[in-house]
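In this text, all values refer to a predicted model and were calculated from it rather than measured experimentally. Just so we're on the same page: letters track the sequence lines, and every chain starts at 1.
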Amino acid sequence: MTVNLESMYQEIILDHYKNPHGRGLRDPFDAESFQVNPTCGDEVTLRVKVTDGKVSDVSYEGQGCSISQASTSVLTDLVTGHTVDEALTTMDAFVELMQGRGNIEPDEDVLEDGVAFAGVAKYPARVKCALLGWMAFKDALARTSNEVEA
Amino acid sequence: MTVNLESMYQEIILDHYKNPHGRGLRDPFDAESFQVNPTCGDEVTLRVKVTDGKVSDVSYEGQGCSISQASTSVLTDLVTGHTVDEALTTMDAFVELMQGRGNIEPDEDVLEDGVAFAGVAKYPARVKCALLGWMAFKDALARTSNEVEA
Amino acid sequence: MTTTTANTTPLDVAAVRADFPILSRTVRDGKPLVYLDSGATSQRPVQVLDAERRFLETANAAVHRGAHQLAEEATDAYEDARAKIADFVGATPGELVFTKNATEGINLVAYAMGNAATDPGRAVASFAVGPGDEIVITEMEHHANLVPWQQLCQRTGATLRWFGVTEDGRLDLSNLDELITERTKVVAFAHQSNVLGTVNPVEPLVRKAHEVGALVLLDACQSVPHFPVDFTALGVDFAVFSGHKMLAPSGIGVLYGRRELLEAMPPFLTGGSMIELVRMEGSTFAPPPQKFEAGVPMTSQAVGLGAAVDYLNAIGMDRVAAHEHLLAERALTGLAEIPGVRIIGPPDTVDRGATVAFVVDGVHPHDAGQVLDSLGIAVRVGHHCAWPLHRSCGVPATVRATFYLYNELSEVDALVNGVREAQRFFGVA
Amino acid sequence: MTTTTANTTPLDVAAVRADFPILSRTVRDGKPLVYLDSGATSQRPVQVLDAERRFLETANAAVHRGAHQLAEEATDAYEDARAKIADFVGATPGELVFTKNATEGINLVAYAMGNAATDPGRAVASFAVGPGDEIVITEMEHHANLVPWQQLCQRTGATLRWFGVTEDGRLDLSNLDELITERTKVVAFAHQSNVLGTVNPVEPLVRKAHEVGALVLLDACQSVPHFPVDFTALGVDFAVFSGHKMLAPSGIGVLYGRRELLEAMPPFLTGGSMIELVRMEGSTFAPPPQKFEAGVPMTSQAVGLGAAVDYLNAIGMDRVAAHEHLLAERALTGLAEIPGVRIIGPPDTVDRGATVAFVVDGVHPHDAGQVLDSLGIAVRVGHHCAWPLHRSCGVPATVRATFYLYNELSEVDALVNGVREAQRFFGVA
Ligand SMILES: Cc1ncc(COP(=O)(O)O)c(C=O)c1O
Ligand SMILES: Cc1ncc(COP(=O)(O)O)c(C=O)c1O
């Protein structure tokens, strides 16, 4: 087994992959988003419940590789219980990390288990995997606020 | 002036260009054909009159370079007064010469002044010029026989 | 393609490999490259690279437009390439249209058929497509031979129908007479599937289609590069393939069309070099193939494709096919021996090319591909532009290894070992 | 383009020429090549040839489709090239679609507009074209920016209208308000005429078009290679140009489109890599630019175009323009001195590029071109894919000399002497 393989598949990632957190679609929810990765067919359906300005629940279902599944699991840990603003800040930090081509030093205070994905950022073709759940979260959240506004 | 220029522009060609034979559209005629060279816009309108199985008149009008004008002039000499079959044989010989890339030895008995075009055959872009009038002749002749058959 | 090596000397793979500079590079910290993704795009031998460069350094000019010496030489090189390529697939030069890739070729036919409805020219009735008409494809098509037909149906009101795929990855022709009927305008299908490796039977489809007056388009992207193909003998009306899958440059593809069809078909892309007469009020068009080649074409790329054909001819397509047969056999056997690995496609080498797709229980294709990549083995993972086929096979994605004349048997073994490694890494073996 | 050399050091033409292998060849029995046909297609410097070859020998793979290292490197090279080229024309990468040539780019817009009528998506109203709608072009257009619009009108029932050309080869904008009206859907015109050399005024046409809600397509084939162009600053909605006219490979062109237009516009060519979701029943599409790039693209050619942009940037487009200005001036002056020679186009260098078309009394352009060719001078003769323009100028054909950064003033003199030689040969001087 090779060095670069271990830099991508950190133990944390494999743990989340094997034992995903918060998996399964739950009620009640405010908005749902379905996202698909057109190059490999991986997909995720993700629901968001916002209560008093806080992300009170994130639930999801999907099929995909270890990276997409683990990053969605990490997502639920990072945003659940936080305000919408905090969740968006975390999301921005994660997206920035993933698009940084491995040149960005992740902030463990913000990203917690998410720092394990730093190695994935070196593999452009896998970045989309790591972002799949986050794109669903962003989209669902936008729909929530649309509904709130409407 | 260069050798290859003289191999294309034989005296005979320049003579026919400056003093074209049989130019001008005449009545009566059995069929008319309009042909154009799409790369340079040269055009010819050519009429054929067939009497008792013989090409009794070829008349034409057009605009174009020395090669296209001279070859149409030579055409009138070669086919007028000959049977349709003889004219077609001459045409085939001329087309063969022109498409031979300079590797075909022309038969002066058949092509008379037409042998002067042997040098043109080395210039693929000019072959279409030399054939413009002949294509019009072929087309007009075909229309004549269609009308005869009809 | 059950060609055997009986009466040909086997391919000298080492000699072939020496012609491909990229095959000597390393990837991922010094691993030798094991390139098993030729089904996506092949690599180029120096003979092709040199032919293109020589053209560009000595004869480059706009073809069919100039009268100076360079223009003559460029036009000759371009048309000589066309003649050579035509010969390679049993066609005449006037039946070969250069496109940017196979995808454009299929779109060309689909759009030209749509255009036939408003064409003031002599479009034959068989082209015009409208409500009530049907286009028949198969569930194993590449998106390139699927989406253009969906779009044609959307534009014209015609209906798309399709053949299914059997459990063992063959075309299900049991409802041939139901699907191909008097309403059918076009039957379009892959000669060889880019996922299953299946080589489809052309003859019964051509026979039935012609019986009802439908046109046949053959997607030959995965056949022409890999075994001898003769479009005239196959009796198809149209066919397409891409240069980049057969050792030639990217940016060039071929549409074959029977001469009388190309004559009758309205144009698709319009502009310079494809016209006969242009006035502001309207235009007429040149005879084929020029009619379908608008604008300055892929000149050096055509020359490169001609050189690729020379290269393949020198080796012999029978020999290429025989070599790939050996590779496919070894891969199918080796993978079948691994518990938890399932081949998606025919399990044996009967009517089957060297395209081997598979899934590994408990290891997502993306993850399997990543492990292989870390070992220097380049395969493709995903749905390989055949999403409906994957859905019908009940898998979201597969790992796909595709072999070509420059692959060695030892590379097949590397693949098999790599798959075992992936199982170990993800704890499923 | 009245750039002067005042504040730039002049181009070192000898150094430039050394980069172009083809320029050292001879033609017609040992004559040095004088290449004055760059308006048809330019020649390629070793920097471009080497960049393409390096890519093919080290990183070639199918882009946007694979996850292995080669695929990553190829995708990076392809997208880096896109970013570089976008920057060169004042655009962002997402606004740049790779096509096979400029002709495909114009067809893409024309077909996508036609498709808008049946598109189930969110096509904006400004795209759909039908009876009563008008497309406005000019009489000086290249067939590439004329025939596709004729065909769109034929398919949809829309009407084609056009600006005329003045006696001195300028666009006649006197009837601007009559031609561009509320009925106008698109205004499409050449930035620089490929025959007259005229640089057309973009600003008044964009202003008027946008006033009535029409889209503007700029044919930048003869501007982007020759002087600095910024599409965003010009305010056009679409623009096209071709790689082969700017030192880059053939087989690649660019369509620029404002982001929101590309987002809203329905697709044209369909197939692999441009999809979002594919089912047999229907498909959805990727965001631009992928939406418009179906099939395996012109990968190495994009890399080559990126290298050409590097090459031009290193020299500086201001310097290129200044050099061409000198060449144009010398040619216009030299030819004007010959009795019986008439320039077709503006006689001076104001708003005019280094494209010089002319006729010689008593010598047909084909014959003049032949004499020049025999002297090693490559020019183009004919109507240069602008037949209606020639008709409106009252000439069936012209001789056209086009200059580029690698041409020397002495080559202009060779042209002028060659024209005198043609007059002598045909006995008109
Ligand atoms: C002004 C203009 N427009 C369009 C084109 C067409 O370019 P291409 O043939 O590369 O598509 C050309 C060149 O041929 C041109 O000069
Ligand atoms: C079977 C098949 N059809 C069509 C295509 C499309 O070819 P291209 O992308 O070169 O147009 C491919 C390859 O991608 C293929 O494998």
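Counting heavy-atom pairs closer than 4.5 Å to chain C, the top residue among D:Ala59, D:Ser24, D:Gly376 is D:Ala59. Ranked by heavy-atom pairs shorter than 4.5 Å toward chain C, the options D:Val379, D:Val296, D:Ile22, D:Thr118 are led by D:Ile22. If you tally non-hydrogen atom pairs under 4.5 Å between each of C:Arg155, C:His383, C:His384 and chain D, the highest count goes to C:Arg155. Counting heavy-atom pairs closer than 4.5 Å to chain C, the top-ranked of the candidates D:Thr99, D:Leu160, D:Val147 is D:Val147. Note: D:Gly295 leads D:Gly295, D:Ala67, D:Ala40, D:Ser273 in heavy-atom pairs under 4.5 Å with chain C. When each of D:Asn115, D:Leu372, D:Val381, D:Leu146 is checked for heavy-atom pairs under 4.5 Å with chain C, D:Asn115 comes out on top. When C:Met298, C:Arg279, C:Gln370 are compared by the number of non-hydrogen pairs under 4.5 Å with chain D, C:Arg279 comes out ahead. Heavy-atom pairs under 4.5 Å with chain C were tallied for D:His143, D:Arg25, D:Gln151, D:Met280; the largest tally goes to D:Met280. When C:Leu23, C:Ile377, C:Asn101 are compared by the number of non-hydrogen pairs under 4.5 Å with chain D, C:Asn101 comes out ahead.
Of the two parts of C:Pro148, the backbone and the side chain both hold a non-hydrogen atom closer than 4.5 Å to a non-hydrogen atom of chain D. Residue C:Ser42 touches chain D through its backbone alone, counting heavy-atom pairs closer than 4.5 Å. Heavy-atom distances place both the backbone and the side chain of C:Leu56 under 4.5 Å from chain D. Within the 4.5 angstrom heavy-atom criterion, atoms from both the backbone and the side chain of C:Asp50 approach chain D. Both the backbone and the side chain of C:Glu57 come within contact range of chain D, each with at least one heavy atom under 4.5 Å from a heavy atom of that chain. Within the 4.5 angstrom heavy-atom criterion, atoms from both the backbone and the side chain of C:Phe268 approach chain D. For C:Asn60, the parts sitting under 4.5 Å from any heavy atom of chain D are the backbone and the side chain alike. Interface remark: C:Thr138 contributes backbone atoms only to the contact with chain D (heavy atom separation under 4.5 Å). Contact of C:Ile106 with chain D is not made at all, since no heavy-atom distance falls under 4.5 Å. Heavy atoms closer than 4.5 Å to chain D are found in the side chain of C:Leu70, but not in its backbone. Contact annotation for D:Leu108: neither backbone nor side-chain heavy atoms come within less than 4.5 Å of a heavy atom of chain C. Only the side chain of C:Glu73 has a heavy atom closer than 4.5 Å to any heavy atom of chain D.
Note on D:Glu72 versus C:Arg28: salt bridge recorded, some NZ/NE/NH1/NH2 to OD/OE distance being below 4.0 Å.
For the atom pair OG1 (C:Thr299) and NE2 (D:His244), the distance works out to 8.0 Å, reported to the nearest 0.5 Å. In this structure, D:Ile252 CD1 and C:Lys100 NZ are separated by 9.5 Å, a value rounded to the nearest 0.5 Å. The distance from atom OG1 of D:Thr103 to atom CG of C:Leu269, rounded to the nearest 0.5 Å, is 8.5 Å. Atom OG in C:Ser250 sits 9.5 Å away from atom OH in D:Tyr78 (nearest 0.5 Å). The distance from atom CG of C:Leu33 to atom OG1 of D:Thr58, rounded to the nearest 0.5 Å, is 11.0 Å.
Every residue two or more places apart in sequence or in another chain was checked for a ring pair (Phe, Tyr, Trp, His ring centres under 6.0 Å) with D:Tyr35, and none qualifies.
One N or O on the side chain of D:Asn107 and one on the backbone of C:Thr270 form a donor-acceptor pair closer than 3.5 Å.
The two atoms that bring C:Gln301 and D:Pro249 nearest to each other are NE2-CB, 4.4 Å, heavy atoms only. Minimum heavy-atom separation, C:Gln150 to D:Gly282: NE2-N, 3.3 Å.
Contact check for C:Arg53 versus D:Val46: side-chain heavy atoms found under the 4.5 Å cut-off.
No side-chain N or O of D:Asp373 forms a donor-acceptor pair with one of C:Gln69 less than 3.5 Å apart.
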